[in-house]
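Each remark here refers to the structure printed beneath this line.
Quantities reported herein were computed from a predicted structural model and do not represent experimental measurements. Residue numbers begin at 1 in each chain, while the letters A, B, ... track the order of the sequences.
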Amino acid sequence: MDPFADTLRRLREAFGSGRTRPAEFRAAQLKGLGRFLRDNKQLLQEALLQDLHKSAFEAEVSEIRISQIEIDLALRNLRAWMKDEKVPKNLATQLDSAFIRKEPFGLVLIIAPWNYPVNLTLVPLVGALAAGNCVVLKPSEVSRSTEKILAEVLPRYLDQSCFAVVLGGPQETGQLLEHKFDYIFFTGNPRVGRIVMAAAAKHLTPVTLELGGKNPCYVDDDCDPQTVANRVAWFRYFNSGQTCVAPDYVLCSPDTQERLLPALQRAITRFYGEDPRSSPSLGRIISEKHFRRLRGLLGCGRVVIGGQSDESDRYIAPTVLVDVQETEPVMQEEIFGPILPIVNVRSLDEAIDFINRREKPLALYAFSNSNQVVKRVLAQTSSGGFCGNDGFMHMTLTSLPFGGVGASGMGSYHGKFSFDTFSHHRACLLRPPGLEKIYSLRYPPYSPRNLRMLLVAMEARSCSCTLL
Amino acid sequence: MKDEPVAKSLLVKLDSIFVRKEPLGLVLIIAPWNYPVYLTLVPLVGALAAGNCVVLKPSELSKGTEKVLAEVLPQYLDQSCFAVVLGGPQETQQLLEHKFDYVFFTGNPRVGRIVMAAAAKHLTPVTLELGGKNPCYVDDDCDPQTVANRVAWFRYFNSGQTCVAPDYVLCSPDTQERLLPALQRAITRFYGEDPRSSPSLGRIISEKHFRRLRGLLGCGRVVIGGQSDESDRYIAPTVLVDVQETEPVMQEEIFGPILPIVNVRSLDEAIDFINRREKPLALYAFSNSNQVVTQMLDRTSSGIFGGNQGFIHLILPSLPLGGVGNSGMGRYRGKFSFDTFSHHRASLLSPSGLEKLSEFYYPPYTDSRQQLIGWALGSHSCTLL
């Protein structure tokens, strides 16, 4: 029994009817998304609180507001993004109309994760809808309360002939992936990313995979420890560490570690109080399975800050580990929790080597008063995104593409990049039907003289200086 | 190669923000046999310009060119960063078990699936330049000789072995009547009374493909051409009519000098016919009416689209070349090649001090701070960088 066949067929038919093509339709969908957020803000905040113990502040800043900004940006720019893009011509194509037409792919599948279940579901959705696609959304079953709202409330705000939510766990998702989609957008871990891409390969379906990795955070000797500690701590413990772009581990010299530790303690106390467990600003671990995984990691190296945990609450204290070996589990898997290991290196070179020996991460951070040091780290490594002297602020900018490289993913989105991700860029060249004499140059029987003239026409660019 | 600055919001006003283009690392280019110089070198230009090291696997079918690419080309490049590997399907499969940082493949969809599946194991991004049956709609409102000239040239160029060639014609029976003598005139003009002796006409790449094409000559009814000669791998510029959708010539990409004509009674029927099938790499519409061309463009999808001409796109590098759906993913040529082979790394450099400014988003969280940040996140600079 295939639970998805009917839904998918219905959506395909709707796409084939051309319903999603006009700008008015797409704008209406985007406005619907905006109303969904506004009408259900409290409901969503409650769900996020239940799923992740997410504070109202974090919910607003990293989930609701971010999504709203993307919706507004898409609405403001929709027609400009949809417009045919003219391209520069050469002499041979002077009389033609040459442009790139943006077209929807058709039926898009978005598989969303549990850590920012509003943001990482809605922001791709904005791009897919703006680009004129029909969408199947598979929200995470792990963030149960948010899943409920996405499944029961969200569809009421959209045209349901062109949008559907499907529910289920790994098995159902596997079944879903056997079907043909015209694009698949997946956010999750690399292991599942491979499965998604392999399934997509059977249908030659293009994909964007937003994956993860261990994001290194290099802290130079030349820095102000308290400033660095504040920033690293905030970005590490935000959402209780369950952020794909959070600093995963620190690389610094033993001296800097000495200065950093008390500064980290001060930052943690300042942010979460003497008893972080009672702070409303600190989140909780999403599930028992992840809690137990993280509790296991607390045994690596040596705990110098935090280390407490409570299964009844899925609470893990903001923790810092030292004397950590590269072979220990905490340095082998993406942590995705409020645990920060510090690994010692003796120099910038050693730090760069350490980083380059490992998989390319989604994010890479370097803290230093020296601009030169920051630029060196940037120049001698690779990662999805990079930030010098701050955490994942780059994610909030809709003008920067957000995506991984290597094991941390492929493709990118946010802002116009989302629209482009979910569009096929069709190269078009329209020639006037007559004027056959001019174009006869290229026909056989081939002659050296004609060839010469043709080559000149291909080389010569348009003489016009005006922008199209 | 230059870092591309981007628009900033209020929250990051003092930062340096840009997109850095980085090479991906080790790139594999698998090239085909039909335009073995072009379809090998143009991707190579992009990969090298983007700063990658490259492994090139030229087609073993175009043996003469393969030799030159394997033996002469490396002498012109830094061989510590470039290598040519040779072999057939088995060796290519072995090659694909290794991890690459990018794989660029030109070939048919069947092998495209194999390449993408192999790439999936290593989470390697790919560009697949595939193929399909490229429809060529000819409207009643057209000048048959102009259309015939253009269609014939683009069909028989390289003896039809072009991924973006018009694969079949869709037109009304009336237009077919006018088109046939015009096609004959065009073929005679281009290749003479005896096309076999024309120096302007190519040959089929291999015996396997020759036999495949000779088989297709049995479909429908031959009205022009139809001759073949195995000793020469020669197939005459051919036109077929009375072709059924179920016949082999309408089931597989032809990739040879054979042009079937399928009858439709209207533009709508042509569009339905096209949309029932896999998205092609190229789609052509010939009409004196701009409206007809525009309708065909608006109501179908394809890698590229041509109105009143064939694949002349190829002489304009500012137009990307790439498929959609079954005809491929990704695109290249010109700057698109450079971008294809680069990682676009979002970079933000913040000054190291100014901690007081950052403080307002730290916990313990307050309502007023929340409002302020929400507003700052959404603000945009009015000036372009």
Side-chain angles (χ1 to χ4, degrees), chain A residues 55 57 60-61 65 69 87-90 92-93 98 103 182 190 193-194 197-198 201-202 204 206 223 227 230-231 234 271-272 281 368-369 374 378 382 385-390 393-394 396-397 399-402 405 407 410 412 424-431 433 436 443-446 458, chain B residues 6-7 9 11-12 17 19 22 101 109 112-113 116-117 120-121 123 125 142 146 149 153 190-191 200 288 293 297 301-302 304-309 312-313 315-316 318-321 324-326 329 331 343-352 355 358 362-365 370 373-374 377-378:
Chain A
S55 59
F57 183 97
E60 176 65 18
V61 158
R65 195 77 176 90
I69 286 169
V87 300
K89 299 189 279 196
N90 54 23
T93 49
E103 298 180 341
D182 302 307
R194 284 183 179 81
M197 190 173 171
K202 296 200 172 92
L204 286 172
C223 75
T227 299
N230 291 347
R231 293 176 190 190
W234 191 56
F271 296 166
Y272 308 110
S281 306
S368 175
N369 286 330
V374 171
L378 171 62
S382 190
F386 176 89
C387 195
N389 291 315
D390 210 353
M393 280 318 287
H394 61 284
T396 67
L397 264 190
S399 49
L400 274 178
F402 178 68
V405 64
M410 58 184 74
S412 64
H424 167 53
H425 287 57
R426 189 181 191 188
C428 303
L429 205 151
L430 309 186
R431 176 153 283 186
E436 184 61 354
Y443 294 148
Y446 299 131
M458 279 168 66
Chain B
V6 300
S9 72
L11 219 51
V12 292
I17 309 182
V19 175
E22 298 180 344
D101 300 305
R113 282 182 179 80
M116 189 172 172
K121 295 200 173 92
L123 287 172
C142 75
T146 300
N149 290 349
W153 190 58
F190 296 164
Y191 308 110
S200 306
N288 285 332
V293 172
L297 170 61
S301 189
S302 61
I304 70 177
F305 178 90
N308 290 315
Q309 50 86 17
I312 207 72
H313 301 65
I315 64 172
L316 196 56
S318 52
L319 276 178
L321 177 62
V324 65
N326 224 48
M329 57 182 78
R331 61 216 181 132
H343 168 52
H344 286 55
R345 189 181 191 188
S347 308
L348 198 156
L349 308 186
S350 207
S352 54
E355 182 60 354
S358 312
Y362 293 149
Y365 300 130
Q370 187 178 309
I373 292 178
L377 275 176

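Inter-residue side-chain proximity for B:Val19 and A:Pro401 is flagged as met; some heavy-atom pair is nearer than 4.5 Å. A heavy-atom distance below 4.5 Å is not found between the side chains of B:Pro364 and A:Phe57. By the 4.5 Å heavy-atom criterion applied to side chains, A:Leu429 and B:Gln309 are counted as neighbours.
Taking CE of A:Met410 as the start and CG of B:Leu123 as the end, the distance is 5.5 Å to the nearest 0.5 Å. Note that the CG atom of B:Leu297 and the CD atom of A:Glu103 stand 6.5 Å from one another [nearest 0.5 Å]. The line from CG of B:Leu348 to CG of A:Leu378 is 11.0 Å long, rounded to the nearest 0.5 Å.
The parts of B:Asn149 that come within reach of chain A are both its backbone and its side chain, each placing non-hydrogen atoms under 4.5 angstrom from that chain. Contacts between B:Arg331 and chain A at a heavy-atom distance below 4.5 Å involve the side chain alone, from C-beta outward. Only the side chain of B:Met329 has a heavy atom closer than 4.5 Å to any heavy atom of chain A. Contacts of A:Thr227 with chain B are made by both backbone and side-chain atoms, with heavy-atom separations under 4.5 Å. Residue A:Val61 touches chain B through both its backbone and its side chain, counting heavy-atom pairs closer than 4.5 Å. When heavy atoms are compared at a cutoff of 4.5 Å, A:Tyr272 approaches chain B solely by way of its side chain, counted from C-beta outward.
When every heavy atom of A:Ser382 is checked against every heavy atom of B:Glu22, the shortest pair comes out as OG-OE1, 2.6 Å. Among all heavy-atom pairs drawn from A:Pro433 and B:Asn288, the shortest one is CB-OD1, 3.2 Å. Shortest non-hydrogen contact noted between B:Ile315 and A:Ala92 is CD1-CB, 3.5 Å. When all heavy atoms are compared, the tightest approach of B:Ala117 to A:Ala201 is N-CB, 3.6 Å. Contact between B:Ser350 and A:Asp390 at its shortest, heavy atoms only, is CB-CB, 4.1 Å. In this structure, A:Ala427 and B:Leu319 approach most closely via the heavy-atom pair CB-CD2, 3.8 Å.
When each of B:Ser301, B:Gly306, B:Pro351 is scored by its heavy-atom pairs under 4.5 Å with chain A, the top score falls to B:Ser301. Taking chain A as the reference chain and counting heavy-atom pairs below 4.5 Å, the highest number among B:Pro363, B:Ser347, B:Pro125, B:Gly325 is found for B:Pro363. Each of A:Arg65, A:His425, A:Arg426 has some count of heavy-atom pairs under 4.5 Å with chain B, and the biggest count is that of A:Arg426. The residue among B:Leu316, B:Leu349, B:Leu321 with the most heavy atom pairs within less than 4.5 Å of chain A is B:Leu316. With chain B as the partner, the residue from A:Pro190, A:Cys387, A:Ser368 showing the most heavy-atom pairs under 4.5 Å is A:Cys387. Here A:Arg194 is the residue among A:Lys202, A:Glu60, A:Arg194 with the most heavy-atom pairs under 4.5 Å with chain B.
Between the side chain of B:Ser318 and the backbone N or O of A:Val87, no donor-acceptor pair lies under 3.5 Å. Proximity of a side-chain donor or acceptor of A:His424 to a complementary backbone N or O of B:Ser302 within less than 3.5 Å is detected.
Using cut-offs of 30° and 60° on the angle between ring planes, the pair A:Tyr443 and B:Phe190 is tilted.
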